[in-house]
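Reading through the structure tokens given below for one structure.
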Amino acid sequence: ARAQIGVTGLAVMGRNLARNFARHGYTVAVHNRSYGKTQSLIAENGDDGDFVPSESMEDFVASLERPRKVVVMVKAGAATDAVIDELVPLLEEGDIVVDAGNAHFPDTIRRENALREKGLHFVGTGVSGGEEGALNGPSIMPGGTAESYESLGPILEDISAKVDGVPCCTYVGPDGAGHFVKMVHNGIEYADMQLIAEAYDLLKQGLGASAAEIGQIFAEWNTGDLESFLIEITADVLQHVDAETGSAFVDVVLDQAEQKGTGRWTVQNGLDLGVPITGIAEATFARALSGSVPQREAGRAALPADAGTWAVEDRDAFVEDVRLALFASKVVAYSQGFDQIAAASAENGWDIDRGAMARIWRGGCIIRARFLNRITEAYERDAELPLLLADEYFTGAVGNGLAAWRRIVSQAALNGVPVPAFASSLSYYDGVRAERLPAALIQAQRDFFGAHTYKRVDREGTFHTEWSLDRSESQA
Ligand code: NBP
């Protein structure tokens, strides 16, 4: 036995992770259900470092130093369970199984329980950054036992992305915490992409600008507060020309957004926890609307375009308004995502350090951005910060753009441009800062039709009003 780490599942992600380990000087045991992928890795990338290929799972396990560290990188779901079932009888107490696929966190909790009973460590690990990240340095979010991180952590930190020399990998928390945080990361990614898409649409409709012109605006934005991977690639995508037609690439792409399910999981969990992650929810539903083909056909045919042509007069002022509205909406979406992490952490006893999550998302992953530094700093100022928006930096930054944000959302409404994520983020902002909400009326209605009781502003207790009789109040 001489391999320090093993990877089973050698499709694009597993292959690139294995190469990344090898390039960092580790001897890597490699295995795949069908041997062809293992052979092709050795044939094409064997020069990357020291690989120990095995055709059978038995040989693969036997080639690993103890405690064994096995990274499972197969299709999430039944395939992961199948591999675990095959692997577990071959392992010994103290060995570590790392699930680096996109598992849903309740599955990770279940698997961790089952393996813990057998004396094994199960480390559900979020890995972000796609194929490119897997090869050159992803953002890594490992859960499981703190004990497993002692031997596994340094290896994962080694192959992770680095920002200012700091690894984009840290221990997240017990059992499902790592996969949970990866799920929220993806939810935030949905929100960020939707906000960028709305900004693009506003610039297109308001200015009548071409995709290439808007691409240049995004490139300019990428030099300021908005600097991020998503803004950078948006600039590139918008300036890309379709080779076949000579049109802007974005103009020949069908406008129906697909999804693999992590946004939906995030929204479902937000509903379970009662955390208003409106940005992520709007983004997920906006994708659903785009794919609602019969509804869109019926809507286009029956609903009149009542708004005239939008002609913005002061081009530069409008571009700056959109930029400020985008930044403010983005802060809201992230603030909500971090609230969700805090709520799940409390519910599951995970003790997740939110500032550390922002830190490991600064590199390697899809939402990597300059502004994540500001989030880390906010949680360093106050680890228990109840609302990211209330941190002094963000109050200032959002406050600066508030008037612009209101102008943009109202102009979008007047001109018939859909901005679900911009608008709901602004409503969230106004809701969370409101002195008094109309929830009082909801409570009164609930008491009226269902005797659901209410609390009062002027004294303690729970009350019910006899609505159908003399409408007197009683203490419930
Ligand atoms: P896939 O998700 O396409 O899975 C293919 C791999 O699963 C192959 O190695 C295949 O073996 C293996 N496999 C299957 Br399918 N069923 C199996 C079974 N019953 N027993 C054993 N092996 C089985 O690969 P991928 O695109 O590289 O993704 C791997 C994981 O990484 C997934 O969980 C995915 O969600 C996640 N992912 C993450 C990112 C990211 O950015 N973080 C990007 C893409 C994917 P075979 O070769 O014998 O068929």
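In each ligand, atom 1 is the first atom listed, and ligand 1 is the first ligand listed.
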Q: Around atom 36 (C) of ligand 1, find the nearest protein heavy atom and jot down its residue, atom name and distance.
A: Asn102 N, 3.9 Å

(Q) When you measure from atom 49 (O) of ligand 1 to the protein, is at least one non-hydrogen atom found at a distance under 4.0 Å? (A) yes

Q: Would you check if there is a donor-acceptor pair between the side chains of Asn113 and Arg116 at a distance under 3.5 Å?
A: yes

Q: Quick one: look at Lys37 and ligand 1, take heavy-atom pairs under 4.0 Å, and tell me if it's side chain, backbone, both or neither.
A: side chain

Q | Heteroatom proximity flag, Val127 to ligand 1, N/O under 3.5 Å | A | yes

(Q) Could you tell me, atom by atom, which parts of ligand 1 come under 4.0 Å of a heavy atom of Gly9? (A) 9 (O)

Q. Nearest protein heavy-atom contact for atom 4 (O) of ligand 1: which residue, which atom, what distance?
A. Lys75 N, 3.3 Å

**Q.** Numbered atoms of ligand 1 (with element) below 4.0 Å of Ser34, judged on heavy atoms
**A.** 46 (P), 47 (O), 48 (O)

Q. Do any nitrogen or oxygen atoms of Val74 come within less than 3.5 Å of a nitrogen or oxygen of ligand 1?
A. yes

Q. Any side-chain heavy-atom pair from Leu41 and Arg19 closer than 4.5 angstrom?
A. yes

Q) Quick one: which ligand 1 atoms are inside 4.0 Å of a heavy atom on Gly130? A) 40 (C), 41 (O)

Q.
Tell me if the aromatic rings of Phe180 and Trp350 count as close, with their centers under 6.0 Å from one another.
A. yes

Q) What protein heavy atom sits nearest atom 21 (C) of ligand 1, and how far away is it? A) Val83 CG2, 3.4 Å

Q) How far is atom 18 (C) of ligand 1 from its nearest protein heavy atom, and which residue and atom is that? A) Arg33 NH1, 3.3 Å

(Q) Under 6.0 Å between ring centres: does that hold for His179 and Phe105? (A) no

Q) With a cut-off of 4.0 Å, which atoms of ligand 1 are near a heavy atom of Ala79? A) 14 (C), 16 (N), 17 (C), 18 (C), 19 (N)

Q.
Would the distance check show the side chain of Arg287 and the main-chain N or O of Glu258 forming a donor-acceptor pair, the cut-off being under 3.5 Å?
A. yes

Q) Could Arg111 and Phe122 be counted as a cation-pi pair, given that NZ or CZ must be under 6.0 Å from the ring centre and within 45° of the axis? A) no

Q. Do Leu372 and Tyr334 have side-chain heavy atoms sitting under 4.5 Å apart?
A. yes

Q) Do Asn373 and Arg362 come within less than 4.5 Å of each other through their side chains, counting heavy atoms only? A) yes

**Q.** N or O pair under 3.5 Å between Met13 and ligand 1
**A.** yes

Q | Closest approach of any protein heavy atom to atom 24 (O) of ligand 1, naming residue and atom | A | Ala11 CB, 3.4 Å

**Q.** Contacting atoms of ligand 1, where contact means under 4.0 angstrom from a heavy atom of Met73
**A.** 29 (C), 30 (C), 31 (O)

Q. Judging by distance only, is a nitrogen or oxygen of Ser128 under 3.5 angstrom from one on ligand 1?
A. no

Q) Looking at atom 26 (O) of ligand 1, what's its closest protein heavy atom, distance included? A) Val12 CG2, 3.7 Å

Q.
Contact between Ser425 and Val331 at the side-chain level, heavy atoms closer than 4.5 Å - yes or no?
A. no

(Q) Checking contacts here: is it the side chain or the backbone of Asn32 that comes within 4.0 Å of ligand 1, counting heavy atoms only? Could be both or neither. (A) side chain

Q) Below 6.0 angstrom between ring centroids: does that apply to Tyr379 and Phe338? A) yes

Q: Apply salt bridge (charged side-chain N to carboxylate O under 4.0 Å, His left out) to Glu44 and Arg15, showing your working.
A: CA-CA 11 Å; Glu44 287 159 32; Arg15 178 183 183 129; 2.7 Å; yes

Q. So which bit of Leu10 gets within less than 4.0 Å of ligand 1, heavy atoms only: side chain, backbone, both or neither?
A. backbone

Q.
Students often mix this up, so state it plainly: with edges at 30° and 60°, are the rings of Phe327 and Phe371 parallel, tilted or perpendicular?
A. perpendicular

